[in-house]
2 protein chains.
Amino acid sequence: MDKKEEILKTALKLFVEFGFHATPTSKIAKEAGIANGTLFHYYKTKDELILALYAHTKSRLTEYMYANASKDESLELVFKSIYTNTIEWAQENKAEFYFIQQFSTSPFYGLISPEEITKQAKPHLDFLQAGIKAAVLKPLPVDMLYTLINSHIAGINQYLSSEEFSTAKQKKIINESFQLLWDMIT
Amino acid sequence: MDKKEEILKTALKLFVEFGFHATPTSKIAKEAGIANGTLFHYYKTKDELILALYAHTKSRLTEYMYANASKDESLELVFKSIYTNTIEWAQENKAEFYFIQQFSTSPFYGLISPEEITKQAKPHLDFLQAGIKAAVLKPLPVDMLYTLINSHIAGINQYLSSEEFSTAKQKKIINESFQLLWDMIT
DNA sequence: ACATTTGTAGACTGATTAGTCAATCATTGT
DNA sequence: ACAATGATTGACTAATCAGTCTACAAATGT
């Protein structure tokens, strides 16, 4: 078993349930079934663990977002695929997605360098920029477009999480909300 | 001077800057210029302080949202007034708005009873429901509409905070983004 | 075979924390 | 004037926390 992975998994679960403030490293180690010192062997400080967890989780999401996105399709279809993938991942990994939001809306986010943030957003911004250039997307500032899309997704995810929808109903909502978003930005 | 108010003000500032985990009550008391015991005189526990701060801040926002909203105007104008008010408040009270988001995306939010949350959202949902009934807003589920609007506002606020815009430019962005939202939901 | 690095353990520590307490001080009502 | 209640203080405590340390085990390279 991979202890490093185990630590991240446990930390995620506890941070989401109790928050950063109420999740001691000792509790993480205990629940992960390892010794206290082992945790600090892999992560020098608690902050480092939190940052690593964020980077790890965020990259898992990003990876999933672009899955099955063949470049042959129309921009709309590629965009819809990314949109759908993101929401699907969020629904299937609720704790992970929640953690990303929790982290992003906390002072920890300030520990990430602006360069890193820019680097993370780059592919998405490039994609949107291409859409604008191709006159498919409205000529809005890309940053604005990006933020608008992100928050739309966060909103729909929140809505989907607020009630128990059947899979069919979920798909319907995702399709409908995509159309709303698409009409808004094209 | 009102000590209770002073405590909230200081706590807000510190929570936003350092987070819940890294803001000891002793620091709050010190920075607020009061004794340690005084803080616990007004708020029995740290959690109680955090919850009170959220309730206080949230109600200040809600109050401002509906300011100058005369019932005589068209639904669009009233809606736009609420929209504009909210973003203006968020921009003029960045720490407060950020705190609301920080709190909402943390396990503390779970300490608020579902009834309280429902009660808070009630007026907004009623307003939207009326808009649907009047066939002005699309017949989407109100909860969905509500979440969509909320996240849209959060997004625009984030965009406005990401750069330094002139007041004129800001107003232009708010008008434009309102139009995007309005077209989406009507 | 042996040496060196890397992983793992868990008792331990120094610092910090939320919250208490007993003692004053201020305000109010009678 | 005088209770009585509430406000304020800051030293104090018991618990907890992040992180260290020493010792040992496993793996890896030579």
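Here the structure is a predicted model, which is why all the values come from computation and not from measurement. The chains referred to below are lettered A, B, ... by the order of the sequence lines, with proteins before strands, and numbering in each begins at 1.
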Asker: Please report whether the ring centroid of Phe108(B) lies less than 6.0 Å from that of His21(A).
Answerer: yes
Asker: In whole angstroms, how far is the P atom of dG19(C) from the CD1 atom of Ile28(B)?
Answerer: 11 Å
Asker: Leu39(B) or Thr23(A): which one's nearest nucleotide on DNA chain D is closer to the 5' end?
Answerer: Leu39(B)
Asker: Go through the steps to decide whether Phe15(B) and Tyr54(B) satisfy the test ring-ring contact (aromatic ring centres under 6.0 Å, His included), and finish with yes or no.
Answerer: CA-CA 11 Å; Phe15(B) 285 147; Tyr54(B) 174 71; over 10 Å; no
Asker: Between P on dA18(D) and NE2 on His21(A), what's the gap in Å once rounded to a whole number?
Answerer: 12 Å
Asker: Which of these nucleotides, dG19(D), dA11(D), dA9(C), is closest to any side-chain atom of Asn36(B)?
Answerer: dA11(D)
Asker: Provide, to the nearest angstrom, the distance between the NZ atom belonging to Lys30(B) and the P atom belonging to dT16(C).
Answerer: 11 Å
Asker: Check every atom of dG10(C), dA18(D), dT9(D) against the side chain of Lys46(A) and return the nucleotide holding the closest atom.
Answerer: dA18(D)
Asker: Starting at atom OH of Tyr43(B), determine the distance to atom P of dT17(C), rounded to an integer number of angstrom.
Answerer: 21 Å
Asker: Is the ring centre of Tyr66(B) less than 6.0 Å from the ring centre of Phe127(B)?
Answerer: no
Asker: Can you tell if the side chain of Leu8(B) reaches within under 4.5 Å of the side chain of Thr57(B), non-hydrogen atoms only?
Answerer: no
Asker: Quickly work out the Lys3(A) NZ to dA25(D) C1' distance and round it to whole Å.
Answerer: 12 Å
Asker: Does dT8(D) have OP1 or OP2 under 4.0 Å away from a side-chain N or O of His41(B)?
Answerer: no
Asker: Taking the side chain as C-beta and beyond, is there a heavy-atom pair between Ile28(A) and Leu49(A) under 4.5 Å?
Answerer: yes
Asker: Hey, where does DNA chain D pair up into stems, meaning at least three consecutive Watson-Crick or G-U pairs with distances under 3.5 Å?
Answerer: C:1-30 with D:1-30
Asker: With the side chain counted from C-beta on, respond yes when Leu180(A) and Met144(B) share a heavy-atom pair under 4.5 Å apart, and no when they do not.
Answerer: yes
Asker: Rounded to the nearest angstrom, tell me the gap between atom CG in Leu14(A) and atom P in dA18(D).
Answerer: 12 Å
Asker: Rounding to a whole Å, what distance do you find between Ile34(B):CD1 and dC25(C):P?
Answerer: 19 Å
Asker: Can you see whether Phe165(B) has Lys171(B) sitting over its ring - NZ or CZ less than 6.0 Å from the centre and within 45° of the normal?
Answerer: no
Asker: Can you tell me which nucleotide in dG19(C), dG19(D), dT17(C) comes closest to the side chain of Phe40(B)?
Answerer: dG19(C)
Asker: Using a cut-off of strictly less than 4.0 Å, decide whether Lys4(B) has a side-chain nitrogen or oxygen near OP1 or OP2 of dT8(D).
Answerer: no
Asker: Could you state the CZ-C1' distance from Phe18(B) to dT16(C), rounded to the nearest angstrom?
Answerer: 16 Å
Asker: Hey, is the side chain of Thr38(A) poking within less than 4.0 Å of OP1 or OP2 on dA9(C), counting only N and O atoms?
Answerer: yes
Asker: OP1 or OP2 of dT8(D) versus the side-chain N and O atoms of Tyr42(B): is any pair under 4.0 Å?
Answerer: yes
